Chemist: 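I have a structure I would like to understand better, so I am pasting it below and will then ask my questions one at a time.
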Amino acid sequence: MARNIVKAKLDIIFKKLFTDEGNQHILQAFLSDILEIPYESINNIIVLNSEIMPENIIEKYSRMDIKMTVDGNRLINVEMQIKDEGDYKDRSLYYLSKLYSGQLKSGEVYGSLNQCISINIINFNLFDCEEYHSSFSMREDSRNEQLTDKFTAHYFELKKIGKNIDKNNKQELWLRLINAETEDELDMLQQTGVKQIQDAVVVLHKMSADEKTRELAEMREKALHIEATEKSFAIAEGERKKEAEILANLKAMGLSEEQIKQALGK
């Protein structure tokens with residue numbers, strides 16, 4: 001029987017995979033392949049928020065992301081979003097804007113602003129297209145002329161990953177690793193022969209075997225489940241109150257029970 005594994009798309013496991021001590025080469029390979037830039041071109045990565053505070057694990061509505069500087073001239077934020085909470089486009093743009101504007105200190109010139117990149121890995125469909133990768137930058141609408149390269153947002157939709165593995169597509173291999181839910185899926189990735197992917201699989205196996213990590217993952221999953229249940233209840237309660245209000249208004253207008261049923265489509 002296949003062993004259970006901790007899932008890399010669970011935000012807390014995602015963050016541990018890429019920021020725990022000894023895993024920097026995995027993070028470097030991930031950034032290289034996801035952004036399609038040479039591995040050797042990345043000389044220095046400083047993760048600015050590697051620590052996972054205990055309250056983040058059980059806190060509702062918390063964000064688990066990885067904020068980092070790369071080579072001192074790029075700010076990159078990677079977010080793993082498990083559930084669709086609505087308004088994600090606006091939310092991701094807001095955080096990218098804060099990343100960009102927050103770096104300017106008093107007395108500094110605007111030209112000193114560094115390139116800011118957001119990488120959004122989402123476990124739901126966001127765009128009406130078949131491609132799993134969508135990239136946005138600021139360009140003129142008719143000429144397609146780039147205004148700046150300092151503001152870029154990438155979105156990777158896990159639900160759009162196909163079934164067939166292409167070992168030459170490293171970008172897709174990372175997404176498959178993050179999306180894996182079974183040991184069989186990890187074994188298939190191990191067989192691709194891509195070293196950093198293999199190293200990441202080993203790390204996930206070690207985390208799966210670690211009792212404390214599994215307990216943290218279970219706590220996080222439980223918190224997310226409670227959050228989803230509460231939101232679902234709140235929506236249902238809101239709809240119930242709205243219907244009751246409409247019903248009261250129709251009665252106040254003097255409509256009969258039969259007329260009210262017809263008006264409500266019942």
Side-chain angles (χ1 to χ4, degrees), residues 1-45 47 50 64-66 68 70-71 76-82 117-127 129-135 152 154-210 213-214 217 221:
M1 183 175 66
R3 292 178 300 168
N4 292 327
I5 61 166
V6 292
K7 302 166 188 174
K9 65 183 171 184
L10 182 63
D11 46 13
I12 185 174
I13 299 300
F14 179 86
K15 193 165 189 176
K16 285 179 66 65
L17 171 64
F18 291 111
T19 66
D20 273 5
E21 187 177 352
N23 294 352
Q24 185 160 8
H25 69 294
I26 295 176
L27 176 58
Q28 182 172 341
F30 169 77
L31 291 176
S32 168
D33 296 330
I34 282 291
L35 296 177
E36 298 180 318
I37 58 178
Y39 181 89
E40 297 76 15
S41 71
I42 302 174
N43 297 307
N44 185 40
I45 300 173
V47 178
S50 60
M64 292 283 184
D65 62 350
I66 305 171
M68 70 197 86
V70 177
D71 295 334
I76 299 178
N77 197 72
V78 184
E79 180 171 354
M80 178 67 237
Q81 181 66 26
I82 301 173
I117 301 170
S118 71
I119 300 172
N120 303 274
I121 301 176
I122 53 180
N123 194 41
F124 51 88
N125 292 339
L126 186 63
F127 303 105
C129 65
E130 295 182 359
E131 296 81 15
Y132 63 77
H133 178 208
S134 297
S135 175
T152 307
H154 295 271
Y155 298 85
F156 296 91
E157 300 169 87
L158 295 178
K159 298 291 186 184
K160 295 179 180 178
I161 301 297
K163 294 183 178 180
N164 299 321
I165 290 183
D166 179 2
K167 66 179 182 180
N168 296 314
N169 187 336
K170 292 184 180 179
Q171 187 181 79
E172 186 175 313
L173 291 181
W174 283 110
L175 298 176
R176 288 185 180 279
L177 176 83
I178 293 166
N179 204 31
E181 296 191 353
T182 67
E183 191 164 11
D184 287 343
E185 289 176 280
L186 291 184
D187 288 343
M188 284 191 289
L189 289 166
Q190 186 75 271
Q191 294 168 20
T192 60
V194 180
K195 185 182 184 307
Q196 288 86 357
I197 293 288
Q198 292 175 322
D199 290 345
V201 170
V202 170
V203 171
L204 284 176
H205 278 144
K206 287 181 178 178
M207 285 198 285
S208 298
D210 182 77
T213 300
R214 289 185 61 82
E221 284 192 296

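Note that the structure is predicted; figures quoted are calculated from it, not measured. Atoms considered below: every heavy atom in the structure, side chains included; atoms not considered: hydrogens, waters and symmetry mates.
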Chemist: How long is the span from the NE2 atom in H154 to the OG atom in S118, to the nearest 0.5 Å?
Modeler: 7.5 Å

Chemist: Working note: L173 + D33, criterion side chain to side chain contact (heavy atoms under 4.5 Å, CB included); need CA distance, chi angles, decisive distance, verdict.
Modeler: CA-CA 9 Å; L173 291 181; D33 296 330; over 6 Å; no

Chemist: Tell me whether K170 at atom NZ has more than 12 heavy atoms from other residues, nucleotides or ligands lying less than 6.0 Å away.
Modeler: no

Chemist: What verdict does the side chain to side chain contact (heavy atoms under 4.5 Å, CB included) test give for L204 and L177, after you've listed the backbone C-alpha separation in whole Å, the side-chain angles of each residue and the deciding distance to 0.1 Å?
Modeler: CA-CA 9 Å; L204 284 176; L177 176 83; 3.8 Å; yes

Chemist: Is it true that D199 and K195 make a salt bridge, defined as a side-chain N closer than 4.0 Å to a carboxylate O?
Modeler: yes

Chemist: Which heavy-atom pair separates I45 from M68 by the least distance, and what is that distance?
Modeler: CG2-SD, 4.0 Å

Chemist: Answer yes or no: is there a side-chain heavy-atom contact under 4.5 Å between Q191 and I165?
Modeler: no

Chemist: Ignoring hydrogens, what is the shortest heavy-atom contact between Q196 and A29? Give both atom names and the distance.
Modeler: CG-CB, 3.2 Å

Chemist: Please report the interatomic distance CD(E79) to CG(N120), rounded to the nearest 0.5 Å.
Modeler: 6.0 Å

Chemist: Atom CE in M188, atom NZ in K167: separation rounded to 0.5 Å?
Modeler: 14.5 Å

Chemist: Is there a side-chain contact between I5 and E185 (heavy atoms, below 4.5 Å)?
Modeler: no

Chemist: For residues N123 and N179, determine if any side-chain heavy atom of one lies less than 4.5 Å from a side-chain heavy atom of the other.
Modeler: yes

Chemist: So, for L189 and I197, which heavy atoms are closest and what is the spacing to 0.1 Å?
Modeler: O-CG2, 3.9 Å

Chemist: Is the shortest heavy-atom distance from the side chain of I82 to the side chain of I122 under 4.5 Å?
Modeler: no

Chemist: Show me the pairs that pass side chain to side chain donor-acceptor pair (under 3.5 Å) and involve residues 35-44, at least two apart or across chains.
Modeler: none

Chemist: Is S208 reaching over with its side chain to a backbone N or O of V6, donor-acceptor style, under 3.5 angstrom?
Modeler: yes

Chemist: Are K16 and V203 packed together at the side-chain level, in the sense that at least one heavy-atom pair is separated by less than 4.5 angstrom?
Modeler: no

Chemist: In Å and rounded to the nearest 0.5 Å, what is the CD to CG distance from Q81 to D65?
Modeler: 10.5 Å

Chemist: Can you find a heavy atom in the side chain of I119 that is under 4.5 Å from one in the side chain of I121?
Modeler: yes

Chemist: Do the side chain of Q28 and the main chain of I42 share a donor and acceptor less than 3.5 angstrom apart?
Modeler: yes

Chemist: Taking side-chain contact (heavy atoms from CB on, under 4.5 Å) as the definition, give me every residue that meets it alongside N125, ordered by chain and number, with sequence neighbours left out.
Modeler: E157, K159, K160

Chemist: Which pair of heavy atoms, one from H133 and one from S135, lies closest together, and at what distance?
Modeler: NE2-CB, 3.9 Å

Chemist: At what distance, to the nearest 0.5 angstrom, does CD1 of I76 lie from CD1 of I117?
Modeler: 4.5 Å

Chemist: Is the W174 ring parallel, tilted or perpendicular to the F18 ring (thresholds 30°, 60°)?
Modeler: tilted

Chemist: Any donor and acceptor pair, going by atom type alone, linking the side chain of D11 with main-chain N or O of M80 inside 3.5 Å?
Modeler: no

Chemist: I'd like to check V78 versus F30 (side-chain heavy atoms, cut-off strictly below 4.5 Å). Are they in contact?
Modeler: yes

Chemist: Can you find a pair of side-chain heavy atoms, one from K15 and one from I66, that are under 4.5 Å apart?
Modeler: yes

Chemist: Can you list the steps and then say if I34 with L175 is a side chain to side chain contact (heavy atoms under 4.5 Å, CB included)?
Modeler: CA-CA 9 Å; I34 282 291; L175 298 176; 4.2 Å; yes

Chemist: Which is it for Q171 and Y132 under the side chain to side chain contact (heavy atoms under 4.5 Å, CB included) test, yes or no, and what are the steps along the way?
Modeler: CA-CA 11 Å; Q171 187 181 79; Y132 63 77; 3.4 Å; yes

Chemist: Which heavy atom of G162 sits nearest to which heavy atom of R176, and what is that distance?
Modeler: O-NH2, 2.6 Å

Chemist: At their closest point, which heavy atom of S32 faces which heavy atom of P38, and how far apart are they?
Modeler: OG-C, 3.7 Å

